[in-house]
Amino acid sequence: MAFTSEEMMTIAAARALKNDDVVFVGIGAPSAACNLARMTHAPGLTLIYESGTIGTAPTVLPLSIGDGELTDTALTTVSVPEMFRYWLQGGRISVGFLGAAQIDRFGNINTTVIGDYHRPDVRLPGGGGAPEIATSCHQTFVMMKQSRRGLVEKVDFVTSFGHGDGGDARQNAGIATKGPTLLITDLAIWKPDSKSKEFIVSAIHPGVGAEQIQESCGWPVRYAENVATTEPPSQEELLVLRDLNARTKAARERPLAMKMARRASTAG
Amino acid sequence: MARFQDLKDAIGENIEDGFTVAFEGFTNLIPYAAAHEIIRQGVTDLHLIRMTPDLIYDQLIGMGRVRKMTFSYAGNPGVGLLRRMRDAVENGWPRPLELEEHSHSAMAQAYEAGAAGLPCAIFRGYKGADLPKVNPGIKFITCPFSGETLAAVPSLTPNLTIIHAQKANRKGDVLVEGILGVQKEAALAAKCVVVTVEEIVDSFSGVHPNACILPAWTIQSISVVPGGAHPSYAHGYYDRDNAAYLEWERISSDRAVFLSWMEENVLNADPNCFDLRVERMRRSAA
């Protein structure tokens, strides 16, 4: 089956998750990948959204991280302070799955500002849960489409720490977790070099050329010794993903059927 | 002890220009009706606190009612950026906006510290991040037992916290269900609490013993405003109006369109319109 580069990205990202992972799911692209994994090879995957839903299994992708669908299908819903203290800070999350506006070669992420913080060219939403997701989860995966604006030599602002300026930077900053171990784009799969921690291309998606990867990357691209070609999407992966996207689109075009019982009483 | 009041009085009697006000509700139960009442009453120079400012603060900021905002994620979730907030930050329109920016973890724990009567929250956070360089309210301390470096932020103690909830009973106790966010912490951290609810019920008999309930004696005013969280949702009552969140992108992208939308839907509206909006959404879903 033919597929788009965005489908390839989502599917490659989903494959990186294991059945026994506990994932802190970022909004947007990571949400699609995490749910696809749960609906295909990893039915036991535990999805956690920062709104407090633990073990959630939505049938459509939430527009926000706190849609009612997440609570309705969750094992339990805890308060936000509990989520960040006991579950994230407590070290119970194996993978933090993040998106990014800007990322550098060491996996430092910017979602705060383009330009100077106090006089920004573009004010982005800010960190949300990401600064601590990036340091408290055992490891983090990042997914984003490649572009010169997105993959940059140096991020304007370190919202979420990756490998700093490389090497032992995390250790020196007093961080015990692994940090970014995987960057999945619409063109390739990147992994940090074991010593320098710079992201290098470990697999290229089918049909993608090296010049395409370099044109959409702000630093000189380096490659692993043995660069693989990403396995193309299977029919099952594509069908499940397309079904999920179609259900999500239909749900966003109009409100879901009201599950609710009208107000039982309006006394007072 | 909680008093039942109409929304106009509940807001009018509990807020002043210059107040620090937290409107909480994490996707679920965002108190839109109360925010619109504040806009109608002309209250200004507010310092707003909220983890996820959302459309509710975009509206207050765009109307020029806000001097400062403390927050951790300022976006229209899943849609994009907050256009009115960006216009204030990037261009000073309609007035400059001072920002105090944190992470979610810091905000949640700062509310919790406020509720616990502590001066600050201590947590493992901000390691390697740039926010401590631009927010002087983020400090680091050394744990006296382990020697670990930990982040510290001052507790949040708003003059007023406003939340929306599903139900109050006749005594004025309030039940919150679904995604709880930081509503309980923000309420207990504040000097004054105003709650809007979907309905009043005779009692909470049959409610789960571990349910999230704020006792009447922690609340100043309760107003019944059915639909008062629209276009966010009230778990068990109505769903999130995602179409309205998507539409906000268009409305908020242009100053004139924004102002005329606010004129029609906020300044010339009243709290009853929320029930009608939810009713309209129900009919279109049927």
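Within every chain, numbering begins at 1; the chains are lettered A, B, ... in the order of the sequence lines, protein sequences first and strands thereafter. None of the values given here were measured: they were computed from a predicted structure.
- In terms of heavy-atom pairs under 4.5 Å with chain B, the best-connected choice from Leu63(A), Thr71(A), Thr77(A) is Leu63(A).
- Thr53(A) touches chain B through its side chain: at least one heavy atom from C-beta onward sits under 4.5 Å away, while N, CA, C and O do not.
- Pairing each heavy atom of Ala165(B) with each of Val174(B), the nearest pair is CB-CG1, 3.4 Å.
- Comparing Met107(B), Met85(B), His102(B), Arg124(B) by how many heavy-atom pairs each has under 4.5 Å with chain A, the most go to Arg124(B).
- Using a 4.5 Å cut-off between heavy atoms, Tyr117(A) touches chain B through its side chain atoms alone.
- Judged purely by distance below 3.5 Å, without hydrogens or angles, the side chains of Tyr237(B) and Glu199(B) pair a donor atom with an acceptor atom.
- Heavy atoms closer than 4.5 Å to chain B are found in the side chain of Pro131(A), but not in its backbone.
- Within a 6.0 Å radius of CZ in Arg242(A), other residues, nucleotides and ligands contribute more than 12 heavy atoms.
- Considering only heavy-atom pairs separated by less than 4.5 Å from chain B, the leading option among Val122(A), Asn110(A), Thr159(A) is Val122(A).
- Atom CD1 of residue Ile200(B) and atom CD1 of residue Ile222(B) lie 7.0 Å apart, to the nearest 0.5 angstrom.
- With no hydrogens or angles considered, a side-chain donor-acceptor pair links Gln109(B) and Arg85(A) at under 3.5 Å.
- Among Ala130(A), Ala173(A), Gly129(A), Ser31(A), the residue making the largest number of heavy-atom pairs under 4.5 Å with chain B is Gly129(A).
- If you measure heavy-atom distances from Tyr111(B) to chain A, you find no contacts under 4.5 Å at all.
- Contact of Tyr126(B) with chain A is made through backbone and side chain together, with heavy-atom distances under 4.5 Å.
- Highest contact tally toward chain A, considering only Val182(B), Ile179(B), Leu246(B), is held by Ile179(B) [criterion: heavy-atom pairs under 4.5 Å].
- For Gln89(A), the parts lying near chain B are the backbone and the side chain together; criterion is any non-hydrogen pair under 4.5 Å.
- In this structure, chain A has heavy atoms under 4.5 Å from both the backbone and the side chain of Ser103(B).
- Residues Ser223(B) and Gln5(B) bring no donor and acceptor atom of their side chains to less than 3.5 Å of each other.
- For the set Lys133(B), Glu148(B), Lys127(B), the entry with the most heavy-atom pairs within less than 4.5 Å of chain A is Lys127(B).
- The aromatic rings of Phe24(A) and Phe84(A) sit tilted, their planes meeting at an angle between 30° and 60°.
- Proximity to chain B is limited to the backbone of Asp121(A), based on heavy atoms less than 4.5 angstrom apart.
- Summarising the geometry, atom OG belonging to Ser232(B) is positioned 7.5 Å from atom CG belonging to Asp54(B); distances are rounded to the nearest 0.5 Å.
- The closest side-chain donor-acceptor pair between Asn108(A) and His163(A), if any, does not fall under 3.5 angstrom.
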